[in-house]
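What follows is a single structure, written as structure tokens, with notes after it.
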Number of protein chains: 2
Amino acid sequence: MDWEALIESQPALAVIPPKLRELAARRDTETGEMLFRLGDRLRDIFYVVAGEIRLVRRTRNGMDIVMQRSRGGFFAEASFNTKVYHCDAVVARPGAVLRFPAQAFRAALATDVVFRNAWLVHLAHELLKSRARCERLGLKSAEQRIIHYIESEGADGIVTLSESRKAWAAELGLTHEALYRTLRRLQADGTLDIDADRIILSRRKKRTPPVTGSAS
Amino acid sequence: MDWEALIESQPALAVIPPKLRELAARRDTETGEMLFRLGDRLRDIFYVVAGEIRLVRRTRNGMDIVMQRSRGGFFAEASFNTKVYHCDAVVARPGAVLRFPAQAFRAALATDVVFRNAWLVHLAHELLKSRARCERLGLKSAEQRIIHYIESEGADGIVTLSESRKAWAAELGLTHEALYRTLRRLQADGTLDIDADRIILSRRKKRTPPVTGSAS
DNA sequence: CGTACTTTTGAATCGCATCAAATCTGGTGG
DNA sequence: CCACCAGATTTGATGCGATTCAAAAGTACG
């Protein structure tokens, strides 16, 4: 496996110790395929290289409850020390995953100080991001969510999107139409400057209310 | 400090090694008080015993962006190994916190295998819960969010609420009115059985669509 | 050049938020 | 024990904003 190139595109993999890397197996995934099922004995820790994997729990009524959706990065980090998987993992979009034997993964955590610390930092950072996302999704309006995103994910009021706006809309819990319309409005009223993938939150107050209507 | 009683009410504290416990300081908190500010050198890891603490980032426009809201449990877990705090921590509801010196906390993580593993498990579990919550908040309707909650937080379609419904509504990203009304409707159409704090998702299909309208 | 996907705009609808208010609850103090 | 208060619970009416459905134009890719 070409780890050089892989780490280039997936920085999170850099912390994996060489010994553990050698045990990893790459596997291409097809839509609908299942990586594991609820109750399966836990054998592997997965890393999503491409595509999308979903952790789902199936209800009595045949409905799917999505617990997590991963498009790049470690997957089901919480499972690393349990005996069995607690959900099904289904491929939602074709791609590829890396499989690390859980046994070796745990051993590396136990013995490799650097790896362990990196893993701790990784978990903590993911948790921070996820919590911020929850707060964002709790906001009621599209405008609030967009501004929250820029303030929390960006630097100094500027974000550079690495995904399509449609995907951004999904991350914000909005339809893409709502996102497009709100972006346009915020740009029109001077709240945002938009330059392709760079979204800039203007320094001046976003409220310029006393303008009657939309002009005469 | 009476750790016996504290651990009784706060199981998460059980994993803290005795040596670290002795270094903890309890502190009562008043609404509006700030535990730390953005840029402060990181000295303590906090645990919220009662009340509510918010991690907020202030925007140029004077708006507050809430990054996290904690009502019991460790707080800002992600900060444990950074040099400075990246947000302000303000008390939203009066209560009390425990302060653990970050230095000792890190040392305990490095030396105490049991504690370290428990912390790893704790982080992973929090991450799982937070991700599931994000998925839930991405759902568009009150009904879907309620069912998702029961399926993901409950056991076998049954949850016992430990909080008021108003607080539950906030966690679901709904107003309490919307929650009350939807619960009532789901109970009326047989989707849910509600017995005080026990909410039970009926086994039979919640969809009985071919009934034309709302009857004639 | 055609296909698939994103981006963009339009129009209509519906569900949730919002504002209001009444009832119920638990807890406090007289 | 009762009066009283703060908060939760519940119901009603109204409006807005996001969803939904639809369709056109732009873009990337083979």
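Within every chain, numbering begins at 1; the chains are lettered A, B, ... in the order of the sequence lines, protein sequences first and strands thereafter.
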salt_bridge(A/E135, B/R54) N-O dist < 4.0 Å: no

Whole angstrom value for the distance that separates [atom2] of [N] from [atom1] of [X]:
X	N	atom1	atom2	value
A/L139	D/dG17	CG	P	16 Å
A/R145	D/dG17	CZ	P	14 Å
B/L172	C/dC16	CG	P	12 Å
A/W168	C/dT6	CH2	C1'	15 Å
A/Q187	C/dT7	CD	P	15 Å
B/L179	D/dA8	CG	P	13 Å
B/L183	C/dC16	CG	C1'	15 Å
B/E177	C/dG15	CD	C1'	14 Å

Once the angle between the rings of [X] and [Y] is folded into 0 to 90°, is it parallel (under 30°), tilted (30 to 60°) or perpendicular (over 60°)?
X	Y	result
B/W119	B/F80	perpendicular
A/F46	A/Y85	tilted
B/F74	B/Y47	perpendicular

Residue met sooner reading DNA chain C from 5', once B/R185 and B/H176 are mapped to nucleotides: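 The residue mapped nearer the 5' terminus is B/R185.
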
Select one nucleotide: of [options], the one nearest the side-chain heavy atoms of [X].
X	options	value
A/A178	D/dT11, C/dT6, D/dA18	D/dA18
B/A142	C/dC16, C/dT9, C/dT6	C/dC16
B/L174	C/dA17, D/dA8, C/dT8	C/dA17
A/Y180	C/dT8, C/dA17, D/dT9	C/dT8
A/R165	C/dT7, D/dA8, C/dA17	C/dT7
B/S141	C/dA20, D/dT9, C/dC16	C/dC16
B/K166	D/dT9, C/dT8, C/dC16	D/dT9

Short side-chain N/O contact to D/dT19 OP1/OP2 from A/T175, under 4.0 Å: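 True: A/T175 side-chain N/O within range (under 4.0 Å) of D/dT19 OP1/OP2.
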
Heavy atoms from other residues, nucleotides or ligands near CZ of B/R185 exceed 12 (cutoff 6.0 Å): yes

Residue met sooner reading DNA chain D from 5', once B/R181 and B/R93 are mapped to nucleotides: B/R93

